Amino acid sequence: MSFPKQKYSDWIPGVLSRRQIRQLIADGLIDSPSSDPKSFDHSSFDLHMTGEVYKMADGSVKPSGGRYLYLAKQESTVEKLMPDSRGEFLLERLNTFVVKVAERLLLKDFIENVGDVYGQATAKSSVGRVDVLARLIVDGARDYESFRSEDVKKGSGEMYVEITPITFNVKIKPGQAVNQLRLFLGKPEEAEIASEVLHRQVLRNSEGSPDGSLSVDLEDATIRGVSGSALAATDRIEQAICLWDGDGAEKPNPCQFWKLLRANQHERLRIEKENFYILRSKERIALPKGVAVYCRASDETIGEMRIHYAGFVHPFFGYGRNDGRVGTPLIFEVRGHNLNVSLVDRERMANLTFYRMSEDAEEDPPTDDKKYNEQELKLSAYFGDWPLQLTRLDDGTLIPGS
């Protein structure tokens, strides 16, 4: 049967929208088991884990352009794990695991008849906020978190996610998603938008920064009446965090896992080595329907501080807030590296890359991203709500009550 090229004749280069992704799935060009609307955002879609889980006893095995799992088993010690009685898998901190993804890329005919397809992946917001690395591996690709048309054509279409918890033990189970994939028609760099006017319009409260960079906000935010500018993970806790929301997930009390810190009188915050922090941007983003954003650390290491998470920002982010404000800050997930470091208010932390959408996003309510649209200084959705009344001790510890 001939390929229905005419069906895609009006698609232009850029980030594929939710409607376009669903079209590829309906036409059998992406094999996806999920029809849940929550799996699709305006400019990406979730990748769901299977029950095929491996512990990488010798650590990460970088993709090298071949059949990933076959080569990993030849070159490293790979232990297949079995689920517990509830179908869940415990992933211990400071270990690396690889999980097969349920979705498959069957895009060879599309590439040959319509145009090149490129992929860009990132961990979901909730995953990065619990200090978990979740990196996509595509058969045939040589890099984490991305693929090219050439990789798809020579590979099997199979995908895997490499998961490394750093601060907390975590649990996963089949059918849940820890990362998401964004597809481009044409090369991503050809869809980039470099415009100082766009930067100034999208980045509110930015003091006119023309380069699309983000800085850290160390002014106080308020959580249940208590003020602070950074959330810091407490000492190691053995309780595992479920990497899914709902469906029997146990949501721990955040007071047991986090402290709320304040900057000093010089607007500086001490980042302790090997500790994990959640901070927010000074700039507030309000993204129009025809633009998608990729946020990347301006430098993976800033002094002796590491920002090792990137993320997607979807069309409509920062609009439709219940408080009437326009624009929402982005969250930074920061880990102290080898030495302590002093972070100052408005220090540059990340760069934004703006991409043209292949078509404008539909103005229906966003899905998974909606819970973060109101965020200021916000934890992962995998934690329970803060107690209605909080008291902050001198060291930043939060306890229930006033």
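All of these numbers come straight from a predicted model, not from anything done at the bench.
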Donor-acceptor list for residues 110-118 side chains, cut-off 3.5 Å, not counting sequence neighbours:
| residue | atom | partner | partner atom | Å |
| --- | --- | --- | --- | --- |
| Asn113 | ND2 | Asp109 | O | 2.7 |
| Asp116 | OD1 | Ser149 | OG | 3.3 |

Under 4.0 Å between a Lys/Arg side-chain N and an Asp/Glu carboxylate O for Glu333 and Arg335?
no
Considering residues at least two apart in sequence or located in another chain, which fulfil the side chain to side chain contact (heavy atoms under 4.5 Å, CB included) criterion with Asp217?
Glu219, Arg280, Lys282, Asp345
Sub-6.0 Å ring centroid separation between Tyr160 and Tyr54:
no
May I ask you to decide whether Glu189 forms a salt bridge with Arg148, counting only side-chain N to carboxylate O separations under 4.0 Å?
no
Got a salt bridge between Asp27 and Arg22, using NZ or NE/NH1/NH2 to carboxylate O under 4.0 Å?
no
What are the two closest heavy atoms between Leu181 and Leu47, and how far apart are they?
CB-CD1, 3.9 Å
Regarding Glu283 and Arg204, does a basic nitrogen lie under 4.0 Å from an acidic carboxylate oxygen?
no
Would you say that Ser215 contacts Glu347 through its side chain, given a criterion of any heavy-atom pair below 4.5 Å between the two side chains?
no
Is it the case that the side chain of Arg18 and the backbone of Phe40 share a donor-acceptor pair, with hydrogens and angles ignored and the cut-off at 3.5 Å?
yes
Please check this pair: side chain of Asp41 against backbone of Ser44, looking for a donor-acceptor N/O pair closer than 3.5 Å.
no
Could I get the full list of side chain to side chain contact (heavy atoms under 4.5 Å, CB included) partners for Arg325, not counting sequence neighbours?
Arg284, Arg321, Asp323, Glu376
Hey, does the side chain of Asn351 reach the backbone of Arg296 with a donor-acceptor pair shorter than 3.5 angstrom?
no
Hey, could you give me the CG/CG distance between Leu24 and Leu106, rounded to the nearest 0.5 Å?
10.5 Å
Side-chain donor/acceptor of Asn264 to backbone N/O of Glu267, under 3.5 Å:
yes
Expected output: side-chain Ser380 to main-chain Arg129 donor-acceptor under 3.5 Å:
no
Tell me whether Trp244 contacts the main-chain N or O of Gly246 through its side chain, where contact means a donor paired with an acceptor under 3.5 Å.
yes
Salt bridge flag under 4.0 Å for residues Glu158 and Lys100
yes
List in chain and number order the residues that pass side chain to side chain contact (heavy atoms under 4.5 Å, CB included) with Asp385, two or more places apart in sequence or in another chain; answer none if no residue qualifies.
Arg224
All N/O donor-acceptor pairs, side-chain side in residues 169-178, below 3.5 Å, sequence neighbours left out:
| residue | atom | partner | partner atom | Å |
| --- | --- | --- | --- | --- |
| Asn169 | OD1 | Arg93 | N | 2.9 |
| Asn169 | ND2 | Glu238 | O | 3.3 |
| Asn169 | ND2 | Glu238 | OE1 | 3.3 |
| Lys173 | NZ | Asp247 | O | 3.1 |
| Lys173 | NZ | Asp247 | OD2 | 3.0 |

Taking the six-membered ring for Trp and the full ring for Phe, Tyr or His, determine whether the centres of Phe317 and Phe312 are under 6.0 Å apart.
no
Hey, does the side chain of Lys251 reach the backbone of Ala381 with a donor-acceptor pair shorter than 3.5 angstrom?
yes
May I ask you to decide if Glu162's main-chain N or O and Tyr144's side chain share a donor-acceptor pair within less than 3.5 Å?
no
Can you find a pair of side-chain heavy atoms, one from Val226 and one from Thr391, that are under 4.5 Å apart?
no
Could you please spell out the steps behind the side chain to side chain donor-acceptor pair (under 3.5 Å) verdict for Gln120 and Tyr294?
CA-CA 9 Å; Gln120 189 181 77; Tyr294 186 60; 5.4 Å; no
Determine the minimum heavy-atom distance between Ser227 and Asp220, stating which atoms define it.
CB-OD2, 3.6 Å
Under 3.5 Å donor-acceptor, Ser76 side chain and Val78 backbone:
no
Going by side chain to side chain contact (heavy atoms under 4.5 Å, CB included), name the residues that satisfy it together with Pro83, two or more places apart in sequence or in a different chain.
Phe89
Shortest non-hydrogen contact from Gln20 to Val15?
OE1-O, 4.1 Å
Under a 3.5 Å distance rule, please check whether Ser34 uses its side chain to pair with a backbone N or O of Asp36 as donor and acceptor.
yes
